[in-house]
Structure formats: C-alpha cells, structure tokens
Amino acid sequence: MKFAYRFSNLLGTVYRCGNLNFTCDGNSVISPVGNRVTVFDLKNNKSNTLPLATRYNIKCVGLSPDGRLAIVVDEGGNALLVSLVCRSVLHHFHFKGSVHSVSFSPDGRKFVITKGNLAQMYHAPGRKREFNAFVLDKTYFGPYDETTCIDWTDDSRCFAVGSKDMSTWVFGAERWDNLIYYALGGHKDAIVACFFESSSLDLYTLSQDGALCVWQCDTPPEGLRLKAPTGWKADLLQREEEDEAEGEGEGEREATIRGKATPTAGEQQGKVKYSRLAKYFFNKEGDFNNLTAAAYHRKTHLLVTGFASGIFHLHELPEFNLIHSLSVSDQRIESIAVNTSGDWIALGCSGLGQLLVWEWQSESYVLKQQGHFNSMVSLAYSPDGQYIVTGGDDGKVKVWNTLSGFCFITFTEHSSGVTGVTFTATGYVIVTSSMDGTVRAFDLHRYRNFRTFTSPRPTQFSCVAVDSSGEIVSAGAQDSFEIFIWSMQTGRLLEVLSGHEGPISGLCFNPMKSVLASASWDRTVRLWDMVDSWRTTESLALTSDALAVTFRPDGAELAVATLNSQITFWDPENAVQTGSIEGRHDLKTGRKELDKITAKHSAKGKAFTTLCYSADGQSILAGGMSKFVCIYHVREQILRKKFEISCNLSLDAMEEFLNRRKMTEFGNLALIDQDAGEEKGVAIPLPGVKRGDMSSRHFKPEIRVTSLRFSPTGRCWAATTTEGLLVYSLDAQLLFDPFELDTSVTPGRIRAALRQRDFTRALLMAFRLNERKLLQEALESVPPDDIEVISSSLPDLYVDKMLEFLASSFEASHHLEFYLLWTQKVLLVHGQKLKTRAGKLLPAIQFLQKSVQRHLDAVSKLCDWNRYNMQYALAMSRQRGMKRPSEPPGSEEEEDDDSLHLLGAGDGDTDAEGLLM
C-alpha cells in the first residue's frame with residue numbers, strides 16, 4: 001500500500017478564536033480553527049480545511065476585496081499571505097509584535113494592521129511577482145492604549161481605528177490637507193468596533209459597556225483636499241523624485257503621522273469637524289452585559305451586536321430600531337460577520353467552539369455546528385467509510401459525514417465522558433460506552449437511543465466492542481476488572497467474565513470468529529470463546545501493562561501495545577508471539593513548559609495508547625502522548641512513515657527543548673499567568689476589587705493522539721487529537737506509479753490503439769502507465785455494447801485495478817450510467833474469482849460500495865420528489881375537472897399508476913443525470 005497520505009480535512013472543531021469572514025460571493029464562511037483555516041461552503045454543504053498551518057493559534061484573518069488573497073496572522077505576530085484560489089502560502093512575514101486586527105482597503109491597494117498602540121498601513125501585495133510582498137507605507141500614532149478595530153470608508157480615502165483608551169481615531173490614507181487625524185471621545189469603556197456610513201465620513205462607535213455614539217462629519221468625502229507640498233518640502237520632494245536610491249529609514253520617517261488628542265485652535269482651523277448626533281445604550285436598567293463583537297452592513301443599515309452572555313441584537317441605524325434579539329448560547333460571542341447581501345449573519349463562540357450562520361429575515365439557521373467541548377476520546381468509521389462517529393469527554397456522541405465534513409446528529413444521552421464508540425456490521429447502529437456506567441445503542445435511521453445496557457452494580461466502562469454479527473455487545477469495567485456481555489436483541493446481560501486482576505484497557509472481537517480479546521493492566525491479554533460457554537481459550541503473558549489491543553482485518557493476527565512502548569504481534573490460534581516493535585524512539589515526546597526533566601527522560605514513561613491496522617493488514621498505525629503518528633510495516637517490523645499531526649506551539653509538549661530565557665533565578669516564567677488583566681484572563685487582584693474569578697487560570701492543552709482508525713476503503717485514516725479530528729487522505733494527483741512499465745507503453749501508442757478500436761490493448765497499456773487522465777480517456781472511448789466483451793478479456797491482475805479506478809471515478813465523473821454498466825459487467829464476469837481473494841480486495845469493494853451508495857441516496861431522493869410532484873399534478877388536474885377521454889375507471893387508474901411509475905423512474909433518471917452534470 002502506498003503511503004502518500006496528506007492532511008485533507010479537519011473535522012470536530014469549527015471555530016476556536018479570531019475573526020470570521022464571508023467570501024465576496026457571500027456563500028462561504030472562512031473560520032480560523034486553532035492554527036488552521038477552514039472554509040465552510042454553505043451553498044454546496046461542504047467544509048474543507050486549507051493545507052497550511054501557522055506556528056501559533058490564529059488571531060485574525062484579513063480578506064482582500066476580490067476574495068483571492070487572505071492575510072492570516074497568529075498570536076506571535078507571524079503572518080502568512082495565502083492564495084485562496086490555489087490554496088497555498090505565497091509569502092511569510094513577521095510583524096514584530098501581537099497584531100489585533102487586519103483589514104484591506106475596499107480598492108484592494110492597501111491594508112492596515114493594528115499593533116500595540118499604533119496602526120500601520122502597508123501596500124497590498126499585487127498580482128505580479130515581487131520580492132517583498134509587504135511594503136510599509138505609513139505608521140500612525142495617536143492612541144495611548146492598545147488599538148482594537150479598523151474600518152475603511154467606501155472610497156479608501158480614510159480609515160478609523162478604535163482603542164482601549166476609549167478613543168476612536170480617524171486617519172487619512174493619503175496626505176489630506178483638511179484631515180490628517182481626528183480623535184473622538186464620548187465613551188466610558190474600551191472601543192469594540194467602529195463603522196463608517198456608506199459614501200460618507202459619518203461614523204458609529206461602539207464600546208464594551210454597550211454604548212453606541214453616532215458622529216456626523218461636516219465634510220463629504222469629495223471635500224477632502226490633497227496637501228500640496230510647499231517651500232523646502234517641495235524642493236526635497238523634487239530632489240527625492242530625481243534621486244531613485246532613497247534611504248529606507250528616511251522614507252519611513254517621512255511616513256510617520258503622530259496625532260494629538262487635543263490639537264490647538266490654529267491646527268483645527270479649516271479642518272474637518274465631527275459632532276455627536278446621538279448616544280444610545282444597549283443595556284437596560286439593572287441588566288448589565290459586556291458588548292464583545294459587532295458587525296455593520298452599510299447597504300441595509302443593519303447593525304449586529306454580540307454580548308458576553310451569548311445574546312445578539314439586530315438594530316436598524318441611524319434610528320436605533322430593534323429588529324430582533326436572540327440568545328445563541330450562554331458563552332460570549334467572540335466574532336460576528338455579515339455577508340455581502342446582508343441576509344446571513346455568522347456568529348462564533350470560542351467557549352463552546354460554536355459556529356452559527358443565521359438568516360435573520362426568515363429567522364432560521366443556515367448552519368449550526370459545534371465541536372466537542374472537551375477533548376475527543378474515541379472514533380470509529382462506518383463499514384462503508386461514509387460516516388465517522390466520535391465520543392468526547394463532554395459526554396456527547398457526534399456523527400460526521402466524511403464527504404461534507406459536517407456533523408449531522410449529536411446524541412447527548414450520556415451523563416459522563418464517553419470512553420469508546422463502535423459501529424455494528426450493518427452500519428446503522430452505534431454502540432458507545434461511558435464513565436456513567438451505561439453502554440448505549442443508537443439507531444441511525446430514527447436517530448434515537450433504542451437500547452441501554454447496564455451492569456448489576458454501578459461500574460465505569462472503559463471500552464466497548466461488538467461482534468461481526470452485531471448480536472453480542474461487550475464492555476470492560478475500569479473499577480471491578482470484569483467484562484460484561486449483553487444481547488443486542490433482548491438487551492439482557494448474558495454473562496460477566498472475570499479473571500483479569502487489573503482495569504480492562506481494551507476489547508476487540510475477531511472479525512472472522514466469535515472470539516473476544518481483552519487487554520488489561522495486569523500484563524495479560526485473554527482470548528474468550530463466545531460460542532463455547534465464554535471460557536478463556538488462551539492467556540497471553542506480556543512484559544508490561546497492556547494499553548490497546550486490535551485484530552488484523554482477516555483475524556489471523558493480534559497486536560498489543562504495552563506500557564514499555566512496545567507493540568507485540570501474536571498468532572491468536574497458537575498463542576505464539578510472532579514479532580515485536582520497539583517504539584520509544586519513534587514516539588519522540590516533547591517537553592512540557594513546567595517539566596523539571598528533559599524530553600528524553602520523560603519519554604521513558606510514555607507509550608502508544610492506540611493501535612489500528614491498515615485496510616489491507618500489512619501496516620499498523622500507532623499513536624499516543626506525542627505529536628507523531630507512526631506507521632509500521634508489520635512483517636518487516638520497520639517504521640514506514642511518521643506523520644507530525646500539529647506544529648501549533650500554542651499547545652503544550654510541542655518542543656523538545658525549552659527556551660532558556662524562560663528559566664530565571666526565581667523560577668519558570670510559565671508559572672506566571674500572562675493573560676492577567678485581559679478580557680478572558682484573570683483579573684489582577686487589587687485591594688477592594690471584586691471583578692474576576694480568582695480560581696480561573698490560563699493553561700495550555702497538551703498535544704496527544706487519543707484514537708486512530710483506518711477507513712475500510714483504505715483511502716484515508718483519521719486521528720482524534722487535541723486539535724480535533726484530523727483526516728489524512730491518499731494524494732493521487734502527485735503520485736506517478738506505473739505498473740510493469742516498459743519502453744513500448746507510451747501515451748501516443750495508447751491513443752493509436754484507440755483509433756484502431758483495439759480497446760482491450762489500449763486499456764491494458766493505460767493501466768500499466770497508470771496515468772489517470774489517459775485511463776479515463778481509454779475507458780470512456782469504449783462503446784457501451786462492447787463493455788461486456790472487453791471486461792471478460794481483462795486479465796485477473798488488472799481486475800483489481802479496474803475496480804479501484806471505477807470506485808474513484810464515481811466521485812468526480814458525470815457519466816453515472818456508463819460507469820455503473822462497467823461495474824456491473826466486471827463483477828458479473830469476474831465475481832467467482834474475486835470471491836477467492838475477498839480479504840485482499842475488501843478495501844476496493846468497500847470504496848466502490850461507498851461511491852455507489854452515495855449516488856443511490858441522491859438519485860432516489862430526486863426520483864421520489866419527481867414521483868410525488870407528478871402525483872400531486874395529476875390529483876390537482878382531476879380536481880379541476882379537466883376533460884379526459886371516456887375509459888373504464890379501473891383501467892384508467894391502473895394505466896395511470898403504471899405510466900406514473902414509468903414516468904417517475906424515467907424523469908428521475910434524466911433529472912439525476914442533469915443534476916450530476
């Protein structure tokens with residue numbers, strides 16, 4: 001199996017922190033998720049994560065007006081210039097400080113960042129190639145405290161900057177004679193947002209205490225005059241224009257604008273003036289609520305404000321009329337964005353990791369997603385690979401669609417952390433175990449909890465397994481060291497298996513037989529026979545505590561991960577150890593900020609905690625308390641590949657060596673809470689101050705891999721980590737993998753064979769060259785009538801490759817009937833021979849089944865819809881008394897029914913074809 005796996009998607013986490021953005025067409029939301037960026041396509045119901053990552057969590061994202069470029073800035077001030085068209089990083093830059101917000105000008109020529117107590121304007125990167133994409137144009141001083149927000153006028157002539165010192169500053173983007181800077185007060189708390197009115201210099205400012213000030217300007221934007229240089233400045237400017245090689249420092253000194261909060265009367269003469277028209281308050285008497293986020297849509301004059309209690313208001317400005325008010329959660333709303341048409345409002349809550357898109361006119365959700373509140377613990381793929389189920393420490397069970405990347409159902413019946421999840425062989429039942437002492441079965445047809453299994457006395461379940469028939473459910477206890485067996489049909493407890501002398505750490509059924517393997521901390525793995533009165537058939541002695549156990553897909557091998565970082569392989573039939581892998585050096589754990597010992601020494605206590613065989617059983621995936629996932633070759637017992645799942649330094653235990661500058665004579669600087677005094681941090685305790693929770697602390701989550709699973713299709717694998725659910729897929733685009741290639745196989749010869757109508761030879765040559773576009777061309781050149789003959793002439797070696805190619809073609813091709821015909825003929829002709837190699841072919845067949853099933857679901861819905869529409873149209877025409885030829889009533893009904901079915905099927909198919917095209 002090839003291991004060209006690449007990161008393809010991030011599920012399970014939809015929003016962490018930072019600002020949300022809508023794309024310029026208004027159909028997609030760009031959401032920062034930790035140190036990655038996810039794009040949610042609301043029209044096509046898909047989500048995908050860009051294949052890039054910053055060094056720390058993302059603080060802000062600025063989108064260019066044409067939607068082609070984005071500037072992504074993390075907490076450390078590192079910036080990435082990203083092309084959203086080709087989904088790649090174009091440039092790296094460091095702003096030398098923490099950036100609070102970034103905003104492009106509406107004409108796309110400049111962008112402004114707020115950093116510390118100043119604002120900096122840069123030339124926006126153009127479409128031409130340049131050595132330095134970010135060129136500093138001007139630096140604006142004025143505010144005394146940190147700057148928080150930016151807004152531009154429609155014509156890009158001026159921009160406003162809000163600050164924590166309760167003032168708002170209006171700066172000119174050019175050298176205007178009558179507006180260089182203007183300071184606005186009037187607030188009693190930090191400015192959260194400021195917005196210009198459309199085609200005007202009139203301004204709205206909002207502060208954290210829930211106050212809105214409306215400012216009117218006495219000059220229209222056209223009234224701004226360019227400042228003409230005079231005297232020695234004009235001579236200097238002329239000299240500078242003549243002299244091309246000017247010093248960089250001199251240029252920057254010229255481009256520094258220093259504002260004063262109280263300019264003199266002489267400086268104010270003939271300049272732009274602002275006056276406050278009105279001041280409104282969001283908070284009513286006795287109901288104080290911090291305003292945390294705001295967005296304004298200029299065309300519709302719609303102001304959306306979010307508060308710390310999870311409430312958001314919609315107001316119409318400038319009259320301040322309340323349209324409606326709603327509560328989305330009990331956590332603070334961190335970010336708000338409005339799309340270009342003003343219909344959809346995106347809200348992000350970082351506390352619960354929620355992302356909502358609300359259509360305010362119809363008062364309905366367009367998107368409502370929430371990840372696990374605590375870390376994910378376990379995951380399982382459905383047998384066809386279409387769905388992933390995850391369980392978390394928050395007691396929730398979520399089911400994700402691998403195609404769209406969205407969670408479509410959440411089960412909240414568990415009252416404590418979920419420890420294990422699994423699918424039954426049918427793929428329509430999920431079984432979960434929890435620390436609340438219950439094992440629950442959920443139905444994916446009706447979305448309900450239809451079985452609850454409990455033990456005679458309360459116990460905490462640490463793992464769960466279901467046999468291949470789906471009839472026997474088993475769960476391991478953490479405190480009583482017993483294994484409980486239930487019947488899925490009746491829900492009754494069948495047996496309690498005792499014998500282990502430590503907590504049960506893992507359970508796994510043999511896929512081919514009814515044999516259960518149980519791993520425990522008592523340094524044994526026991527094999528229980530489910531048919532022969534649940535007796536222990538074998539007890540495998542280990543050198544250390546067992547942490548995970550798994551069977552190979554064909555049931556002929558057993559792998560066990562132990563506490564001494566070893567993976568041992570056993571033959572379950574003869575209870576003989578067949579091999580072992582020493583994984584301590586491959587795990588390579590990092591050093592935590594507060595660790596007193598080095599990473600090398602702390603690695604001695606770390607081990608693999610989760611194991612999973614690949615779909616073909618030749619390799620094994622292993623992960624644990626580390627940022628690495630290792631793939632080993634089982635037979636050769638060597639490391640094939642190591643994946644680094646995260647490079648996010650905002651997580652703990654990421655670095656192998658600590659920064660010596662953080663170690664002082666008084667102790668580690670990490671012990672000091674850096675976020676003290678911030679909105680979300682701990683308030684600094686001063687005498688008499690009652691604000692803030694003294695018990696709350698800022699902590700870094702530690703990087704770890706809690707569960708790994710390979711997709712049954714063999715095309716991808718997933719890992720639950722501290723960051724979320726990461727999916728890695730085979731990258732077929734960059735892979736040139738010819739098969740039995742020689743000099744006679746060339747694209748020219750393949751096309752020549754097609755022109756001679758020698759389709760079988762052309763197909764075989766295309767398979768040997770293994771170039772996807774050529775294969776598609778050769779396959780689609782075959783007339784439908786010749787498919788059966790050509791599929792029967794295919795050698796056995798090429799049938800496997802044909803099935804894999806057909807399965808992947810269903811994902812992208814519009815020729816659904818043509819490929820279905822090929823699939824049917826290949827399976828009919830070679831079916832008997834394929835059965836003998838079922839184990840090896842299983843991933844390809846399951847991939848094929850997944851693709852066909854997806855199209856079946858889409859087409860059947862469309863056909864049903866057409867059928868009901870036609871029934872409705874016929875019923876309506878009968879009611880209106882339309883004249884019909886006189887026929888016996890019975891025959892008419894029968895004929896109508898028959899024609900209806902035919903019409904329904906025919907129209908459905910054609911419509912489906914049209915839809916797929």
Side-chain angles (χ1 to χ4, degrees), residues 103 106 112 114 119 140-145 147-227 257-283 291 294-303 305 313 315-322:
S103 176
V112 170
T114 56
Y140 297 87
F141 292 91
Y144 294 107
D145 206 343
T147 45
T148 55
C149 56
I150 310 163
D151 192 54
W152 285 84
T153 54
D154 282 340
D155 53 9
S156 307
R157 289 169 178 238
C158 305
F159 64 91
V161 173
S163 170
K164 284 185 181 175
D165 67 359
M166 303 175 279
S167 66
T168 310
W169 293 72
V170 182
F171 292 110
E174 303 290 338
R175 294 169 61 86
W176 305 118
D177 186 30
N178 49 349
L179 175 61
I180 298 169
Y181 62 88
Y182 200 102
L184 302 166
H187 284 283
K188 294 180 181 177
D189 210 336
I191 305 296
V192 173
C194 51
F195 305 108
F196 280 106
E197 191 54 271
S198 59
S199 307
S200 165
L201 291 176
D202 295 352
L203 193 66
Y204 302 109
T205 56
L206 293 105
S207 60
Q208 200 173 313
D209 59 356
L212 165 72
C213 287
V214 183
W215 303 90
Q216 188 180 30
C217 183
D218 63 350
T219 312
E222 300 79 38
L224 294 174
R225 304 183 302 273
L226 268 172
K227 190 171 187 179
I257 291 164
R258 297 183 181 275
K260 297 179 195 169
T262 53
T264 60
E267 286 174 343
Q268 287 178 341
Q269 198 171 355
K271 299 283 193 283
V272 165
K273 283 192 177 64
Y274 274 94
S275 56
R276 193 172 76 189
L277 281 183
K279 188 172 184 180
Y280 301 107
F281 296 95
F282 290 94
N283 295 316
L291 190 145
Y296 180 60
H297 191 255
R298 291 176 187 171
K299 288 177 190 167
T300 54
H301 303 284
L302 181 75
L303 176 71
T305 47
H313 297 315
H315 284 88
E316 190 183 12
L317 293 182
E319 290 83 18
F320 199 66
N321 298 329
L322 181 68

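This structure is a prediction, so every number in the text was calculated from the model and none was measured.
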Ser200 to Thr153 - nearest heavy-atom pair and separation: O-CG2, 4.1 Å
Are Phe320 and Phe281 close enough that their ring centers fall under 6.0 Å? no
Return the OG to CG distance between Ser198 and Asp155, rounded to the nearest 0.5 Å. 11.0 Å
Quick one, Leu206 with Leu303, criterion side-chain contact (heavy atoms from CB on, under 4.5 Å). Give me CA distance, side-chain angles, the key distance, then yes/no. CA-CA 11 Å; Leu206 293 105; Leu303 176 71; 4.1 Å; yes
Here the gap from Glu197 atom CD to Asp202 atom CG, rounded to the nearest 0.5 Å, amounts to 7.0 Å
Before giving the answer on side-chain contact (heavy atoms from CB on, under 4.5 Å), spell out for Leu201 and Leu224 the whole-Å C-alpha distance, their side-chain angles and the decisive distance to 0.1 Å. CA-CA 10 Å; Leu201 291 176; Leu224 294 174; 4.3 Å; yes
What one should report as the nearest heavy-atom pair of Arg276 and Cys213 is CD-SG, 3.9 Å
Can you tell me how far the CZ atom of Phe282 sits from the OG1 atom of Thr305, to the nearest 0.5 Å? 4.0 Å
Chi angles and distances behind the side-chain contact (heavy atoms from CB on, under 4.5 Å) call for Tyr140, Phe159: CA-CA 11 Å; Tyr140 297 87; Phe159 64 91; 3.5 Å; yes
Say whether, by atom type as modelled, one donor and one acceptor occur between the side chain of Asp154 and the main chain of Ser199 under 3.5 angstrom. yes
So, taking the atom named OH in Tyr144 and the one named CG in Asp165, what distance separates them when rounded to the nearest 0.5 Å? 8.0 Å
Do the charged groups of Asp177 and Arg225 touch, with an N to O distance under 4.0 Å? yes
Smallest heavy-atom separation, Cys194 atom then Gly162 atom, equals SG-N, 4.1 Å
Indicate the atoms forming the closest heavy-atom contact of Asp218 with Lys271, along with that distance. OD2-O, 4.5 Å
Exam field: side chain Thr219 to backbone Gly223, donor-acceptor pair closer than 3.5 Å: no
Can any side-chain N or O of Asp151 pair as donor or acceptor with the backbone N or O of Phe196 at less than 3.5 Å? yes
Determine whether the side chains of His187 and Gln208 contain a donor N or O and an acceptor N or O closer than 3.5 Å. no
Just by distance, do the side chain of Trp176 and the backbone of Arg157 share a donor-acceptor pair under 3.5 Å? yes
Parallel, tilted or perpendicular for His313 and His315, by the 30°/60° rule? perpendicular
Which value, rounded to the nearest 0.5 Å, describes the distance between Asp209 atom CG and Asn283 atom CG? 7.5 Å
Using a 4.5 Å cut-off on heavy atoms from C-beta on, say whether the side chain of Leu277 contacts that of Pro318. no
On a heavy-atom basis, which atom in Cys149 and which in Thr114 lie closest, and how many Å separate them? O-CG2, 4.3 Å
Here's a test for you: under ring-ring contact (aromatic ring centres under 6.0 Å, His included), which of Trp215, Tyr204, Tyr182 qualifies with Tyr274? Tyr182
Looking at OH of Tyr280 and CG of Leu322, how far apart are the two atoms once the value is rounded to the nearest 0.5 Å? 13.5 Å
Between Asp189 and Leu291, is there a side-chain heavy-atom distance shorter than 4.5 Å? no
Minimal heavy-atom distance between Ile191 and Thr148, with the atoms involved, is O-OG1, 2.8 Å
